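The structure under discussion appears below in the form of C-alpha cells.
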Amino acid sequence: MNENDIILSVLARHGNDGTRLMQILRETQEALGWLAPHTLTTIAAGIGWSRAEVEGTASFYSFFHIEPRGRYRVLWSDNITDRMLGNQDLMLQMCQALWLEPGRVSEDGLVSVDTTSCTGLCDQGPAVLVNYRAIPRMTAEGVEQMVDLICTGTPLSDWPAEWFNVVSQVRRKDRLLDHGLVPGQALLAAIERGPEAMIAELKTSGLRGRGGAGFPAGQKWEACRNSPGADRIVICNADEGEPGTFKDRILLTDHPDQVFEGMTIAAWSIKASRGYVYLRGEYRYMLETLQAVLDRRRAAGLLGRNILGQPGFDFDIEIHHGAGAYVCGERSALVESLEGKPGRPRLRTWSLSVKGFLGLPTDVNNVETLANACLVAVHGGAWYAGVGTAKSSGTKLLSVSGDCARPGVYEYPYGVTVAQVLADCGATNTYAVQVSGASGITLTTEEFGRRISFEDVPSGGAFMVFDRRRDMLEMARHFSHFFAHESCGFCTPCRVGTAVNARLMDKLAAGHGSVYDINELFKMHRLMQGTSHCGLGSTATNAIHDTLTKFYPAYQRRMKSLDFEPAFDLDSALSQARQMTGRDDSGAHLSNSEST
Amino acid sequence: MDAPRKLKVATTSLAGCFGCHMSLLDIDERLLDLLEIVEFDRSPLTDIKHCGHCDIGLIEGGVCNAENVHVLREFRANCKILVAVGACAVNGGLPAQRNHLQLHEILTAVYATEAGLASGVQIPNDPELPLPLNQVHPIHEVVKVDYFLPGCPPSGDAIWKFLTDLVAGCSPHLGYGLIRYD
Amino acid sequence: MSQDTFLLDGEEIPFTRGQTIMEAARAAGKFIPHLCWHPDFTGHGSCKLCTVKANGHLNAACVTAARKDMTVENRTPELDDKRRTLLQLLFVEGNHFCPSCEKSGNCVLQATAYELDMMSPHFDHFFPDRPVDASHPEVLLDFNRCILCELCVRVSRDIDHKNIFALSGRGIAKHLVVNAESGRLADTDFSLDDKAAQVCPVGVILTKKKGFSVPIGQRRFDATSIATQVTEAAAAAQEEV
C-alpha cells in the first residue's frame, strides 16, 4: 500500500469520523512514522475538518510528531524518581554512543533520543519508551545493548522479550486488591439490587473519586442518571499522568475485569450504552491484553446486548488512547481529547453529567473508583464504609517510589499515617515525602504523623520518598519544568506563568538567584492559584510554594545575593561576539556580580 | 533657614537614540524651574564623564553591549533612585528587534556579506570597542530598577510630571494621557 | 416587576437571565478589563483579565452568569494588581514594540495596560522568534503581537464559516496558524471582507496599504480611556432608549 492508501484505510476503519481523530492520528503515525504536512491535509479532507483544526490536535500532543522522528524513538521517562535512579547519566551515555544530541534526529533518520514526562514506572525505573513500548529498569549495560540493537536496525520484536517485562509490585493488599471476585459476580449483584438501589448503596458507601478531587461517586452517578438525554456515556479515566502515580497500571494489569465491571455497573446504574477507557499513551503496551479481556467479557455476556440476560441492558467498551498530555487527566480535557480535539479543559458552564462527550450526559470516573464500585455492589455501602475515616471511606492505593527499599503499590484503609507507609516500604533517613504527585503536597519529617485522607492529606495515589541526600529545590525545579511542558496554553496565567516559573527556578538552581526572584515566585503562586482556568494551573506552584516555605535553606544556600541578580548570564551573553572577534581580553568578559 | 539641598540627577543614554533626552529638553521653560531644585551630575548636558553620588539616575536606552552594562552598574551603584526612561530602557525597544536574529548572522551580514563593503573589511576586534551582547535587554534584566517611565519618547509633560512627583517625594503617577508606549 | 440585580463594586447592576457578569456590567457602563472577550460574541474565558471576585470566589466575568444578589468586586486594588501582572505576562510572552506598531492607539492590549497603569512589562522578556506572514495581497499577519485570544479563530469558524485560523502547539509554544499546508495566508481563502479580518484586538491582522492613515494622536484610545468609552457608550445607548 502506498502512503495515501494507508491513510485512507485508517480513515475508513474509523468511519471518517472526526471525533475519532486521536485514534486516526495514532494509527496513521504507527504506520507512517510521523505526521507529514500532506498527511494532515489528507486526514482533514477525510474527516471534513479544516486542516488547521487537525494541525491543532496533532501539534498538541507530545506523542504525535509533525516533524520527522527517528525510526527508533527513545523517550527517557523523566520523573524526579527516574532522575534519582540516574536516568540522566544513562541518557547521556546513550546519546554519546549514538553521536546524538537529545531532542535531535540522527542524520540518517535512524534514531532520536529525548525525555518524556513520567511514564508510571517509578517503582522500576529508570524507564524508557522505545516506539512507545515501555522498558523498565534501564542500566548502563542495557543502554550498551540497546545502542547495538538500534545501530543494527534490529526490529523491536527481536529485542530481548524480558526487557519489556513490566512487573506488578504489589506490597500490601487490602479489600480492593484482595477482592476475591470472579468476573460477573459484582455486576450480577448490582443487577439484583437495581439501578436506584445501586446508586443508593454507592452514596451510603461514601466512595469518593480516587483521581484526587474526591467528588462523591454516588452523587456523580445520580446526577448523570437524572440528566435528560437519548444516551449516556461512561468514561474510565486511565490517563494516570500525575508524576509518581502507577496504581492504575496495577489495576489495569492485574484486575482489568474489576475495572471493566465497575464501568458496566455504572452503565447499568445510569443507563449508559457506551463506555470508553481513556488509556494514557504511555500504557500503549497494555492495549492488546485489555482488548482480549474485553473480547472475553463479550463472549461471556458481560458486555454487548442484553447483558446477563437483562433485556435492553446494552453496553460496550472501547479503548481510546491518549498521546502524551498530562492535562487530559482533567476530566473535561479528557472528553475534549476523546472528541478528537486538543485536551483543553472546558469552561464550567455545563457539568459533564449534563453535557459531556458529544453533548451527552457523561460520567467520568477514575480506574480505582470504578474498581471500588464492584466492592460496593457485592458487599453493600455500609460494609464498604466500615473501614477508613469519617469522610474517607474504604481503602486507598498508594504508588510508593523514590528512596525506599520496597517501592510498589500499597493498599491501606484511609487514615494511615505517612510514618506507617514509610516504615512499611523500608524508607530510612527520610527527608521529605511528596504526596499526590507534582501537583500535591510536600511533607517534612515533622508532618509524618499526618494521615492519608480527604480530611488531612488527600492523595491521588502518588507517594514519592526523598532521603537526606536529596535537594528539594531540585524537585521543585523539576516539577516547574513538568508543568511548563504540560500546560495546555489556554489561559494566560498558566501558559506564561509556568514558563516564567521554570525560568526562575533554573536561575535559582544555577546559583544566580536573589530574594527578588523568590518574591517573584510567591507572586506567581498567588496569581496562578486564583486565576488559572483549571487545576493544572492552580496547583502548578504547589511544590515551589511548599519547598520555599518548608525547605527554604535549600534555596538560601544557592542564592547569590539578597537584593537582585541579572536575569541572564552576562558573560555568556558576550559569547557570540567573542567568537566572531576572536577577543578574550578583560574587556571581552563580564561578571554577573556588581563589583566589576 | 537655608534653601533645601538641590537633588542631584544624572542621565545617560545606553542603546538609545537620545530621543528621550530631547524630550527632557521639551519641558521647555520649565527647565529653569527644574534647575532651581535639581543639579545635574553625569549627563550629556554637563559632559561629566562619571556618575557621582546622586539622588536620581535617568537611564535612556536598553543594554546592547558590555559598555552599557558597566555604565548601568555605575548608575545603579551611585543613584538612590534609578529610573528606566523610554521604550528602549523599559523593554529593549527598537534595538531589541534584532533579538530574533543570531548575533553572528548580524555581524557577518554587516561586516562581510552585505553589498557595497570595501574589500578587506573585518569584524572589528579592537579592545577599545565594547562587544555587543547576544541580545538586547531592557535595563531591569541587568540591575534593579525603581521606576519606569514608558514612551517613545515619553512626552515632555510626562517627564515633567514624573520628575516633579519624584522631587516632591511622591510615588510618580502619570495617569491617562501621559502613559504612552509609542 | 422589579428587575433582578447584583452588586458590582457596591453598585446595583440590573441583569436579565442568562447574562454574564461581563454583559450586565457592560450594559450598565461599567468597565471590566478584558482582552479575549468581545461584545458581539460569547465569552471565551482565556485571557483572565476579567477575573472578578464573585461572592468571594475568583471567576472570569465573561463566562460567569450573573445571579441575583451576588456581590462582585471588580476594580479593587487587589484585582487590578492581578490584571496588571497578567498584562505584563502577555507583554513579555510576545514581541510588543508599540512605537513601531501600526495598531498603536487602536490596540485593546495597550489601552487596557494604560487603564491599569502598567508602567513596564516587569518580567524578563521571552523575545520569541515569530516570522511575519506577508504572503496575502491584502493582509499582513504579524504574529509577534498575538495574545492567543482566539477571536479570529472563533469568528472565522462561527461567523465567516471558513476556519482560517487555529492554535497549534501547547504551553508557551502555542501559536496561531492558518489553514494551509504551506502555512501561508495567501494559500487560504481569507479575504479582507471576512469578519475575522476586523476582530483582532491587537496588531496581528493588519490591512495592507492603510498604514498610519489615521495619525497617532487621533486614534481610538488617544482621547479617552477604554473605561470611559464603555461608560459613554452605555450612556448613549440609554439615551436612545
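Side chains are part of it too, since the values below use all heavy atoms of this structure and drop only hydrogens, waters and symmetry mates. Throughout, a chain's letter reflects where its sequence line sits, starting with A, and its residues are numbered from 1. Owing to the predicted nature of the structure, the values given are computational and were not obtained by experimental measurement.
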Measuring heavy-atom distances to chain B, does A/S575 have an atom under 4.5 Å in its side chain, in its backbone, in both, or in neither? both
Segment of B/E67 engaging chain A (4.5 angstrom heavy-atom cut-off): neither
Show me the donor-acceptor pairs, under 3.5 Å and distance only, between side chains in residues 119-127 of chain B and residues at least two apart or in other chains.
{"unit_1": "B/D126", "atom_1": "OD1", "unit_2": "B/E128", "atom_2": "N", "d": "2.8"}

When only pairs under 4.5 Å are counted, which of A/E565, A/M580, A/R583 shares the most heavy-atom pairs with chain B? A/R583
Between B/H140 and B/F148, is the ring centroid distance below 6.0 Å? yes
Would you mind telling me which of B/N78, B/V71, B/T12 makes a side-chain contact (heavy atoms from CB on, under 4.5 Å) with B/C51? B/N78
Give the table of side-chain donor-acceptor pairs shorter than 3.5 Å for residues 19-26 of chain B, with sequence neighbours excluded, one pair per line with atom names and distance.
{"unit_1": "B/H21", "atom_1": "ND1", "unit_2": "B/E60", "atom_2": "OE1", "d": "2.6"}
{"unit_1": "B/H21", "atom_1": "NE2", "unit_2": "B/T11", "atom_2": "OG1", "d": "2.8"}
{"unit_1": "B/S23", "atom_1": "OG", "unit_2": "B/P154", "atom_2": "O", "d": "2.4"}

